[in-house]
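Heads up: the structure comes next, in structure tokens.
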Amino acid sequence: MKKNKHLLLWSSLGVLALLVAGAAEENFLKEWRRLQRSARNGAGPIDVRLRQIVVPALAVTDRCVSCHVGMAPGEQELSGPAAVVAAHRDVVHDPASFGCTVCHAGQGRATEKKAAHGTKPHWPQPMIPASFAYAGCGSCHTHLKVPNLEQLRRGASLFERYDCLNCHRLDGRGGGLRPEMPGFKEGPDLSRAGARGHRQDWYEHHLDRAASGDAVWREAFGPIPEADRQALETLLTCSVGAPGLIEAKSLFHSLGCRGCHKVGGVGGDDGPDLTRVGERDPGRLDFSRVPGERTLTNWFAEHFRAPAVVVPGSLMPWLGLSDEQVHLLTYYMLSLRLSEFPEAFWPKDRILAERFSEREFRTDGATLYGTFCASCHGRSGQGMRYPGMAPFPGVANPDFLALAPDSFLMETIRRGRPGRRMPAWGEKEGGLRPEEISNIVRHLREMGGDVPYREGAGGPGRWIVSSADGSGRILYDSHCAGCHGEKGSGGEGPALNNPVLLDTASDRYLLETVRAGRRGTVMEAFSRPSAVRSTLSVTEIEAIIAYLRSWEEKK
Amino acid sequence: MNADRLEGSGRPALRRFFDNLKALPGRFAASAARNGLPASDRTRSTFVFGNVFLHIHPVRVHRWSLRWSTTLGLGVASMAAFLVTLATGVLLMFYYKPYPEAAYQSIQDILFVVPSGRLIRNLHRWAANVMVVTVFLHMARVFYTASYRSPREFNWVVGIGLFAVTLGLAFTGYLLPWDQLAYWAITIGANIAQSPREVTDALGITAFFDLGGLQKLLLLGSDTVGEEALIRFYLLHVMLLPLGLACLLAVHFWRIRKDGGLARPADADSRVGPLAKDTYPVFTELPAKTYHLAALVRGRSPAVGRGPEATLPSMPHLFYAEAAVFMLTVFVCLLLSLLADAPLKELANPLVPENPAKAPWYFLGLQELVSYSAFMGGVGIPAVALLGLALIPYLDRETEGTGQWFGGPGGWPLVAKAACVGTLSVLVLEAAAIRFGWIREWFPHVPQLVVTVFNPGTLLAVIYGAYSTWLVNRYDSTRAGALGLFTCFLCGFVVLTVVGTFFRGPNWSFYWSPAHWPVH
């Protein structure tokens, strides 16, 4: 029995010791308690208790403010370690209205750092890194009418050049730069002009004040040309209090990513739909070829640097992006979130986008081209050649544009090239509207140097009849098949057997293209002499075209 | 004394009132301890049989039963683990919500916010695992000491029932966190319940007799693991199975008493040896023959038919032993809880299966067999094993070696050899199946019934059965065969569980370590 007594004694003492250790750990050693103990407000040490933001309608219970006490509602004038007492940066939303995890992700219910920041395995939504803080806006917002990067940057530089920063703050810069001037009054902060709205007649208002008002106005404001005004207006529409994010989105609208990827239902089908890609669980991603840390951010960044390395067999070409571009694109990817939450909380822009089909991108030709076309057809319409893929033709080629009527261009864009890489962009497939397509067409002409369509002999339509002697085939095989493939299936040159091409192209288009060629491309003018092949007479070209037409399906 | 005060003294009632108040603590203690503190032999006896909680114990217990080597305290340890699980489970019930929308978050609240929530949850999980282990070891102990023999056959069967209910409790509790681990483990369990379809499909009778479908529907309350399954499992876990366990435990303890206490060898009296000099108390008065009729019972008690010399009073000897084992178990559970967290993966997502999706660890040996044949591994072999276990006391009616470790013809050398045979056969079969594949590798179109009948699990059962039959003949004893069979199954179970736990990866393929698992 003595053994049992001893065993009972020592195991009981051990149990007591473990319980005491557990209690001490629970009540004193927890990190959030330690942090709160080290903070002080004006009246002495703060009250150590669990702090949380609870929003039942959104099913949010965020305990981030147990450690980040300075950001809790009602806490003021704290002193202590920086992380604890720092107040939330001045942002559009009061943190108490929606909680923290809506914008920052992470695990709101946790009270330990690793679990809360979501860096433990098994938490599907780790916190968005601080350098990409505004990516969280994408949980609820879909900013509308974002232009391409060039337009945005132009607007920003004009804003500075016209000295608007003198009186107006924008994203933390400017405002009150010359307070010593008599009668100086700071203008409204324009950082959120796009979200909150701004007066549409701001230019007229400024002119009026300049004409009638005091010295400050007269000296500070003057007439602005129309084009520059447009650029400034664009900038104002995009000022929603998320500077890095809008820049990222405008870069996305410059590189033509939507040519292959759908976002929000508009885009191509070659790549995955990116609408909610920022919410992907990093635990489900393949990191076997991704150097560095196993985070979603890093996966995106490495993928942009070398797509086919990270995703073997990927069709996405190596884009040669700079570090800044990779950073911005990663930023945008992280913002593609669109969480599910009650419609009562939907912001205006999301309602407009999802219920009223307003566009996220600006619908002028340059932005549309940059959003949908630039990746394949080049930033200035010069065409692109990626290794391992059929070359993408240049669409701003003056010879091409001179022969192609607007209707042909619009039909080509609308119907695409079935079976090839050019998607159909009509409303049912790619999702572009007729007026948007005509904007793109106008932009193409601008890119080509304002080249109009030139009417010529023959007009639209077909007149070529086939000869019975099969010479078209022989000529095609000897002169064309090398680039355009046997039976027109394509190769170095476009596929000539494509049903949409044959349906939309007039005989004159085909004839003149062969006869006069396209400058700057491999497509020669076959009516001109060459050392390596015979010239083609008009009759011979007509025979070839008749042969091409034979590939059309009989209706 | 009160009489003095009352008689003619003329003291007012107020003074009596204060006197009563002062005497309150002593009066309270005396009213509670009806028979008085255990200071003499008699009061030690009444302390036990007069107490509602303690009277399941005998008043005196045989010294053989008190030895550590007799039982290793495993029965008490199982009970202790159960009590810890019960207490922590009740605490968890204050916060847990058994609805899919709320379950996971309620667990997170318990972990992060409820005071000591993390500790209580860890304790619950660890104590449950400790309970499964100790129950299993307890069964092995009872078997190896041949303590199931007459008159304890029925108690052995009740014990098998307790084992099954313990596994049921552990399994139903596994679903409650509603995370990926839970959801997919129970999906597997439900599909194993559906596995009789493997046989009825092969025979073409599923349309008339869909036992598998019925079992799965009963288990889940629906076609998939969802809110019905969760509330069903919750009800089973917190009410029905604990009540069932409590009933079976009551019978189990009752039968220990009525069967004459713990089993011991016939010569236990002479083998206990002399008492240690400082053992106190044994008897404080010399035992004298007295005759009273306390009850007329059939059967045995420790003191019938022999003198009381080899016994000790339960108070305090037995209770110190029980308390020591109880505290040791609590200590082990608490230590494990403070050092290792109970797992919690991400919220259950029916669209994203775990790969590999693994059942709880105590079922991984079965899951390994299920990977060859769902019916055999999930229903057939477990049913045969449970039936076999239940039948042991009725088939082994010998008397040699009762109450002794590895008692019976053959003894420890037989068990050692059987362990080798058992381990070797399972390793060879597993290695062959892993390296070369099984039947479908060479005959892709063979009917499933062939694989159901002829797979590593059934082969193993046949090998073990053949070996045990050989042992029966060799030693001319069913006990020897039982020793061999039990040991073989034990080793096979352990090896299969180890393979299922550590060496099976995505798609249930064999990997030497998780580092070799393919990334998706």
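What you see below is based on every heavy atom in this structure, not just the backbone, and it leaves out hydrogens, waters and symmetry mates. Note that the structure is predicted; figures quoted are calculated from it, not measured. The sequence lines fix the lettering, A, B, ..., with proteins before strands; numbering per chain opens at 1.
No part of A:K120 comes within reach of chain B, as not one of its non-hydrogen atoms sits under 4.5 angstrom from that chain. Only the side chain of A:D281 comes within less than 4.5 Å of a heavy atom in chain B; its backbone stays farther off. Within the 4.5 angstrom heavy-atom criterion, atoms from both the backbone and the side chain of B:L335 approach chain A. Interface remark: A:L50 contributes side-chain atoms only to the contact with chain B (heavy atom separation under 4.5 Å). For A:L19, the parts lying near chain B are the backbone and the side chain together; criterion is any non-hydrogen pair under 4.5 Å. Neither the backbone nor the side chain of B:T279 has a heavy atom closer than 4.5 Å to any heavy atom of chain A. With a threshold of 4.5 angstrom between heavy atoms, B:F326 does not approach chain A through any atom at all. Interface remark: B:Q105 contributes backbone and side-chain atoms alike to the contact with chain A (heavy atom separation under 4.5 Å). No part of A:A23 comes within reach of chain B, as not one of its non-hydrogen atoms sits under 4.5 angstrom from that chain.
Top candidate by heavy-atom pairs under 4.5 Å with chain B, chosen from A:K3, A:R109, A:Q107, A:K5, is A:R109. Counting heavy-atom pairs closer than 4.5 Å to chain B, the top residue among A:A17, A:A110, A:G14 is A:A110. Considering only heavy-atom pairs separated by less than 4.5 Å from chain A, the leading option among B:L338, B:L66, B:L119, B:V113 is B:V113.
Rounding to the nearest 0.5 Å places OG1 of A:T111 at 9.0 Å from CG of B:L111. Note that the CZ atom of B:F112 and the NZ atom of A:K30 stand 9.5 Å from one another [nearest 0.5 Å]. B:K345 NZ to A:H122 NE2: the interatomic distance, rounded to the nearest 0.5 Å, is 4.5 Å. To the nearest 0.5 Å, the span separating CG on A:L9 from OH on B:Y320 amounts to 10.0 Å. With rounding to the nearest 0.5 Å, the separation of CH2 in A:W123 from CG in B:L347 is 8.0 Å. A distance of 6.5 Å separates CG of B:D109 from OG1 of A:T61, quoted to the nearest 0.5 Å.
In the displayed structure, A:F345 atom CZ is contacted under 6.0 Å by more than 12 heavy atoms of other residues, nucleotides or ligands. More than 12 heavy atoms of other residues, nucleotides or ligands sit less than 6.0 Å from atom CZ of A:F341. Enclosure of atom CZ in A:R280 is not indicated, since only 12 or fewer non-hydrogen atoms of other residues, nucleotides or ligands lie within 6.0 angstrom. By the 6.0 Å contact criterion, CG on B:L37 is open, its count of non-hydrogen atoms from other residues, nucleotides or ligands being 12 or less.
Residues A:S11 and B:A324 share a closest heavy-atom pair of OG-O, 4.0 Å. Nearest heavy atom pair, residue A:L7 against residue B:W68, reads CD2-CZ2, 3.4 Å. Of all heavy-atom pairs between A:E26 and B:P115, the closest is OE2-CA, 3.5 Å.
The pair B:R118-A:E25 does not meet the salt-bridge criterion, since no charged nitrogen lies less than 4.0 angstrom from a carboxylate oxygen.
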